[in-house]
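Accompanying notes for the structure given below.
Because the structure is predicted, anything quoted here is derived from the model rather than measured. No hydrogens, no waters, no symmetry mates; every other heavy atom, side chains included, goes into these values.
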Amino acid sequence: MPSGEYDPDAVEARWQRRWVDDETFAYPEETADPDTAFAIDTPPPTVSGNLHWGHVYGSILQDVVARFHRMNGRDVLYPFGYDDNGIASERLTERELDVRHQDFERREFQRKCREVCREYEADFTEKMQAMGLSIDWNNTYRTISPEVQRVSQLSFIDLYEKGREYREQAPAIWCPECETAISQVETEDDEQDSHFHDIEFAVADSGEGFTISTTRPELLPACVAVFVHPDDDENQHLVGQEATIPLFGHDVPIIADDRVDMETGSGIVMCCTFGDQNDIEWYQAHDLDLRVAIDESGHMTDVAGPYEGMHSSEAREAIVSDLEDEGALLDRRAITHTVNVHERCGVGVEFLVTEQWYVKVLDKREEYLQAGREMDWFPEKMFTRYEHWVEGLQWDWLISRQRSSGIPFPVWYCADCDHEVIAEKDALPVDPLSDDPPVDACPECGHGEFVPEDDVLDTWATSSLTPLINAGWDYDADAGEFTMDRPEIYPIDVRPQGHDIISFWLFHTVIKCYEHTGEVPFESTMINGMVLDENREKMSKSKGNVVDPDAVLEEYPVDAARFWAAGSAIGDDLPYQEKGLRAGEKLIRKLWNASKLVESLAPEPYPAEPDELAELDRWLLAEIDRELERLTEHLENREFSKARDGLRTFFWGTFCDDYLEIAKQREDDSARYTLRTAHRRFLKLFAPLLAHVTEEIWHAEYVDGAADGASDETPAAAESIHLADWPEPLGLEADHDAGELAMAVVGALRKFKSDQQLPLNAPIDVVEVYGDVRGFEDDVTGVMHVGDLRVHPDAEAPVETVTTGIDLDYATVGPAYGGDVPDIEAGIEAGEYELVDGELHVAGHELSPEEFTVETDRQYQGEGDLLEAGDAAVIVRTGD
RNA sequence: GGGCUUGUGGUCUAGCUGGUUAUGACGCGGCCUUUACAAGGCUGAGGUCGGCGGUUCGAACCCGCCCGAGCCCA
C-alpha cells in the first residue's frame, strides 16, 4: 500500500536492480514476426569518455519510446553498444598500461584494449542502469570485439565484390602528425596566427614582375601554375605566358580561371600540389604537373632542392629568409586565419597523393537521397540537413587509415603485379600482418609472394554497421549468402540520435546498410536536440557550465529527470533546467498522494463493474478515453512535450482537482470501481514517462489481481507495469457537455467561496443552475456542501441581459467586406449601428447573424449572487 | 562566408493551412487547514510574440533585411 512519503532513493534503486536481475526487458528471442518486433538502434557511445547530460537526455527519450511500444504489444529489442574501437581507447590503453601499441602484434594490442576498456564499460553500464533504462543487457556489443571485426571485414568484402570500393592514387587529406590519411569529417577549423607574404614572380620571357600573395611560401617548389581571373583586365595580358618561380627557377604556365578570388592579395594566385582543395580542382581541371614538395611526415622532398629534409615549418622560414636576400619578398604581415586541422591532434592538414581505399558515394547521390527520404523523420524538418549534406559531397568516402591499430583490411597484394587478394569470408576476422593470404600463388601472374595491406579501416566503417550487428548479420559459407539471426528486426524501427551527427554517422549507416541489404536500414529516425545550460549556452569544459549527471541524480529522482527530458519538442535544443526537475518531483509526489487517497476511498477487495455507473463516473472514464487517444497519438509522433503536458494537466486538473474531490463525498460501488479503473489506467499512461514510481504503485496495488487473474491484465503484468498492455478505450456513453458544465459549476462555487473568504467546506443554502447538469446533482451538492440545488435545464435565467458590444467573426467578415472592415469596426466602436431582425446594420452594410455575435452582460437584481459557469448562469443564496 | 534550426510575460513552453481575448508550467502577490498532497487548493498581476520593413481588411504565423543562440559545413 502506498503510505507515508514517497522515497525515490530507495524505490528507484530497488526497481533498477529488479529489472536487471529479472531480465524484465530481455528481447524474446523466439520473436519472428516483423510486425510485432520493434527495434531501436542507438549510436554506441565512446566508453573511454564520460557519461554526460546529453547522454541522459537522449537515452531517456529512447527509453520512453521503448517502453511505450513494449506496452503496445511489441517485442522490443533495445540493445546497447560500447564504442571502444578508436584512437581514444587506444590512447587510453597506452596510458593505463604504460605501453606503446607499436610494440605489440595488432591482435595482441587489441586484446589489451579490450581489457582496459572493460572497466570503463562496467562504469558505463552501471550508470546506464542507474537511469533505469529498459535496455536488454543480454544484447550488448563492443565495436572492438572479434565478432564486430568480422562484420566490418565482411562489409568491406561485400562492398568490394559489389564494385563499390576502389583503391586509387589520389589526393587525400593527410595529417602529417599522425601520418595518416583522414576523411573530410575528421577535420575542423582552427584560428591560427600566420603571415601573409607578397612574393615577386617574373614573367619568363619579358622579365615583367608581378606579385603573388601566400601564407605558405614553403610550397613554392610545388608550384605548378599561376592563375588569373578571366575578368581581371589589368593582368589579362599575363595569361598564356609562363612564370618563373623565384629561388627554384622552374617555369609554370599562367592560366585564366574564374575560381580565382580577385579580392585577396594581388588577385594573382599560385597553384601548388597541393596547398588546398582548390589546388586539387585546378590540378584535375587543367591537367597540371604533379610536384610533391612535402612528404608524409611533413618534411621537404627532393623537389625542394636545398631545402630537402627540412620540416615544412623550418623550410618556410628558410625560404622566406632566402627570398628576402634575393629581394623577392615584397612584404610580410601577420594575420590570423582559419586553418583546416586534424580534429584529433590539431595539426594543419596537407593534401597528399597516396594510395587509398575509397567507398564510392558520389555516383549514387540521388539514390542515397531517396534512401533518406524513405525514412520517417521526427521531426520532418531535419531531413533537410541530410539532403544538403548529400548534395554537397565532394569526395568519395576515404576508408583507409595508416594507423597501426584498428580493424585491418582483409587484403594482400601480389608482390609482383600488385593484384588484390581478398580474404575468404569464413576465415574472418583476419589480420594480413599475421595471417597468410588464402592463395599460394597470385591468380593473376602466379607469383608466390604477397605484401599485406597494413592500413586499417576508418572507425566509421564499423560504427556505420550497428543495424547489421544488432540484426546478427553474417555470411553463411554453405549457403553462399548473407544471413541474419534476427531478420524480423530489420529494417530497424527507430534510429535515435542528435542532429549533430546526421551528416556523417546517420548518412554512413544508411548507405552502407542499404548497399549490403538493398533496404534502407531504418523505418524512422528520431532526432534529438542538444542539451544547453540554464542560460541556453552550449555546455563545455572550458566554460565550466557542464552539468554532471551523477550530481543531479544524487539530488533528484530519475523520474524527475525523465519528466524534464520529455519536456522537449523533438529536434529542438533543450536547456537544462533545475525547475524542470523540480516540476517532475512535484508530479511524482502528486501521483503518489493521489494513489494513497484512491487506496483509502476504494480499498481491497476491488469492486467489480456495477450494472449501472453513475453519470459522473461514465463522464470521467469517457474523458480518460479522450486523453488516452490524444496521448497515444502524441507518443506515436514522438511529441514528448505535448504528451507529457497533456497527461499531466488532465491528471492534475480533471482527475485530482475535479473528480477526486467529489469522490471523497461518495461511498458507492460505482465510485469505487471508477476510482480503481481510472487509477490503474493513469498508472499505465504515466508508465513510459515516470518509469519507477508507476512500477512501485503498480506492485503495491495491482499485481495480485494480474497474478490471480482477477483483473483483465495479462500474466506479464504481474511482473511489471512495463509489460502490461496499454489501455484500450472503454467506449462508454457519457454526456461530455453536462459533465463539463457540472465541473464549471463546482469551479464557480469554489471561486465564490474563495472570493467571500469562506472555507471550501462552508455550507451553501441554495444554488440555482440555469443549464443542464442533470445526473450530476449529487456530485455538485456533495462536494460544495449545497443545501438545496435546483437545476433548470431549459429555463431562462431571471436576469437582464445588456448588450455591451458586437463581436465580429473575422474569418467570414474579413473576406466578405475586405477594405470596408475598418469602417464597420469604426461604426461599432462609435455605437452607430442597429440590430434589425437579427441583422446588423452598420456603415452601410447589413451583416447576417452568422457574421457576428452580440456580446451581453448578465445582471441580476434578485436575492443572492449571480455566478457564471461556462454558458450557464448560477445563482447562489447563503443563509446570512 | 554558406546551409539548417531557433528566438513568445522574470524563466521554460503551446500556438494547425494568417482571423483579433496568445496556452500551460515554474517563480511572484492575495486568500483558504477542505477525507491524499500547504512541496496543496482557489485567485490575481505580469507579454509592443528578438528588431526593422513589406504583403493583407487583418500577421506570433507569410515575405525581405538585420541581431542573438545552437548544429553542420566552408
> Quick one: salt bridge (charged side-chain N to carboxylate O under 4.0 Å, His left out) partners of A/D572, sequence neighbours excluded?
Replying inline: A/K381
> Looking only at atom P, what distance separates B/rC66 and B/rA59, rounded to whole Å?
Replying inline: 24 Å
> Is the A/F655 ring parallel, tilted or perpendicular to the A/F682 ring (thresholds 30°, 60°)?
Replying inline: tilted
>> Tell me which nucleotide, if any, is Watson-Crick or G-U wobble paired with B/rA39 when both distances must be under 3.5 Å.
In response: none
> Can you tell me how far P of B/rG40 sits from CG of A/L591, to the nearest Å?
Replying inline: 15 Å
>> Is the terminal nitrogen or CZ of A/R648 (NZ for Lys, CZ for Arg) located under 6.0 angstrom from the six-membered ring centre of A/W652 and within 45° of that ring's axis?
In response: yes
> Of the residues in residues 376-384 of chain A, which ones touch RNA chain B at a heavy-atom distance under 4.0 Å?
Replying inline: A/K381, A/T384
> OP1, OP2 of B/rA25 versus side-chain N and O of A/K586: anything below 4.0 Å?
Replying inline: no
> Quantified in whole Å, what is the C1' atom distance between nucleotide B/rA60 and nucleotide B/rG40?
Replying inline: 35 Å
> Closest nucleotide of RNA chain B for A/D820 versus for A/L601: which of these residues is on the 5' side?
Replying inline: A/L601
> Is the phosphate of B/rA39, meaning OP1 or OP2, less than 4.0 Å from a side-chain N or O of A/W592?
Replying inline: no
>> Check for me whether the distance between the ring centres of A/W174 and A/F351 falls short of 6.0 Å.
In response: no
> Is there a donor on the side chain of A/K590 or the base of B/rC37 sitting less than 3.5 Å from an acceptor on the other?
Replying inline: yes
>> What is the distance, to the nearest angstrom, from the NE2 atom on A/H634 to the C1' atom on B/rA14?
In response: 10 Å
> How is A/G819 classified with respect to the nucleic acid when contacts are heavy atoms under 4.0 Å: base, sugar-phosphate, or nothing?
Replying inline: sugar-phosphate
>> Suppose we define a pair by two distances each less than 3.5 Å, Watson-Crick or G-U wobble; what does B/rC65 pair with here?
In response: B/rG51
> Relative to the 5' end of RNA chain B, which residue comes earlier, A/C656 or A/E5, by the nucleotide with the nearest heavy atom?
Replying inline: A/C656
>> I'd like to know whether A/E350 forms a salt bridge (Lys or Arg N to Asp or Glu O under 4.0 Å) with A/R216, so could you lay out the CA-CA distance, the side-chain angles of the two residues, the decisive distance to 0.1 Å, and finally the verdict.
In response: CA-CA 12 Å; A/E350 299 286 353; A/R216 302 201 58 193; 2.8 Å; yes
>> Could you identify the nucleotide paired to B/rU17, looking across every strand shown and requiring Watson-Crick or G-U wobble geometry with both distances under 3.5 Å?
In response: none
> Can you tell me how far C1' in B/rC32 sits from the matching atom in B/rC37, rounded to whole Å?
Replying inline: 15 Å
>> When the C1' atoms of B/rC52 and B/rG46 are compared, how many Å lie between them, rounded to an integer?
In response: 26 Å
> Under 4.0 angstrom, heavy atoms only, what part of the nucleic acid is A/R648 near: base, sugar-phosphate, or nothing?
Replying inline: sugar-phosphate
>> Show me the pairs that pass side-chain hydrogen bond (donor to acceptor under 3.5 Å, both in side chains) and involve residues 555-567 of chain A, at least two apart or across chains.
In response: A/D63-A/R562, A/Y556-A/E578, A/D559-A/H692
> A/F383 and ring-ring contact (aromatic ring centres under 6.0 Å, His included): which partner among A/F507, A/W389, A/F378, A/W377?
Replying inline: A/W377
> Mind checking who B/rG1 pairs with, Watson-Crick or G-U wobble, both distances under 3.5 Å?
Replying inline: B/rC73
